[in-house]
Protein chains: 2
Amino acid sequence: MTDLYDRPGHLARRFQQIAVAIFHAEVAAAGFDLTPVQYAALAEVAVRPGIDQATLAGRIAYDRTTITGVVDRLAQKGFLTRDLSPRDRRARVLMVTKAGEEVLAAIEPAVDAAQRKMLDGLTPEEVGTFLALLKKAINAGNALSRAPLKVG
Amino acid sequence: MTDLYDRPGHLARRFQQIAVAIFHAEVAAAGFDLTPVQYAALAEVAVRPGIDQATLAGRIAYDRTTITGVVDRLAQKGFLTRDLSPRDRRARVLMVTKAGEEVLAAIEPAVDAAQRKMLDGLTPEEVGTFLALLKKAINAGNALSRAPLKVG
């Protein structure tokens, strides 16, 4: 058997753990309290005002149950609003508040710094190769995942 | 701002989601009911009989709280035993049972198939490049992660 530590599944988890830890550290050091999924949801609603929760879940590839909790916390923090949809009374449409816009702008340098730190061990050329191969692997595997990303 | 979907943090999460989904699908199709972390824990105890929970957590890079739940479920399934340590009365030492050894052997083809499927979109040469860069990035980032892997 292949060494457990050389297996793609183990490496995928380690890289994800490191990415989350770096995100938390950079964002906390900058004085903010947003998790990666809260950030992803808020940033997505900012570019798609009026998006509904189910569409948001598909776009950032989280399942609907997770997204409900994430949206609850962002609403409690005053960063977004949930209103009844004018077209579908069962749906809620999401909008970023002024406070949400301000936090997104203010947090951006920390988020960028985190992205750079995640690949600090690679040369710039290696970063390009790595991200291209990672995207290629993800695109091929996307349909196999339980919360496929829906872009369109 | 960089497109959210091109950021390393987003890609790390997508790849991890896909890896977990593929693991679940392959293992379930083969008739087994083991999550990736249960599998990792069981495989690690098999090669280190008598390991204690804290050391196990460090070796497979999960935090201690997660590992406690994982070990509970593996014990309930009859795949491992937890006994008081002869050296430290607060510690529990773990051993794989005969049923645990059997499931590890039987599940191996499904786990291997899952590892291959995770990188199905890449050529064999690309797989080599990708895994080498992924390991390099992880080794650099390991100390920054909240549950660093302790090998030694």
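Below, chains carry the letters A, B, ... as their sequence lines are ordered, and counting in each starts from 1. All heavy atoms count here, side chains included; hydrogens, waters and symmetry mates do not.
We find that B/R7 and A/E108 are joined by a salt bridge, their nearest charged nitrogen and carboxylate oxygen being less than 4.0 Å apart.
A/L133 pairs in a side-chain contact (heavy atoms from CB on, under 4.5 Å) with only one of the listed residues (B/T129, B/L119, B/T123), which is B/T129.
With sequence neighbours excluded, the residues that form a side-chain hydrogen bond (donor to acceptor under 3.5 Å, both in side chains) with A/R82 are A/D72. In this structure A/A41 satisfies the side-chain contact (heavy atoms from CB on, under 4.5 Å) test together with A/L56, A/I60, A/V70, A/L74, sequence neighbours excluded.
For the pair A/Q115 (side chain) and B/G9 (backbone), a donor-acceptor distance under 3.5 Å is present.
Here the two rings, on A/F15 and B/F15, have centers that are 6.0 Å apart or farther.
Separating the NZ atom in A/K136 from the CZ atom in B/F130 is a distance of 12.0 Å, to the nearest 0.5 Å.
Your options are B/N139, B/L122, B/V37, B/V111, and the one with the most heavy-atom pairs under 4.5 Å with chain A is B/L122.
Considering all non-hydrogen atoms of both residues, B/I138 and A/L11 come closest at CD1-O, 3.3 Å.
In the hydrophobic clustering of ILVMFWY residues, with side-chain heavy atoms under 4.5 Å counting as a link, B/V103 and B/V71 come out together.
Heavy atoms closer than 4.5 Å to chain B are found in both the backbone and the side chain of A/A12.
Looking at A/R13 and B/V20, their side chains never come closer than 4.5 Å, going by heavy atoms from C-beta outward.
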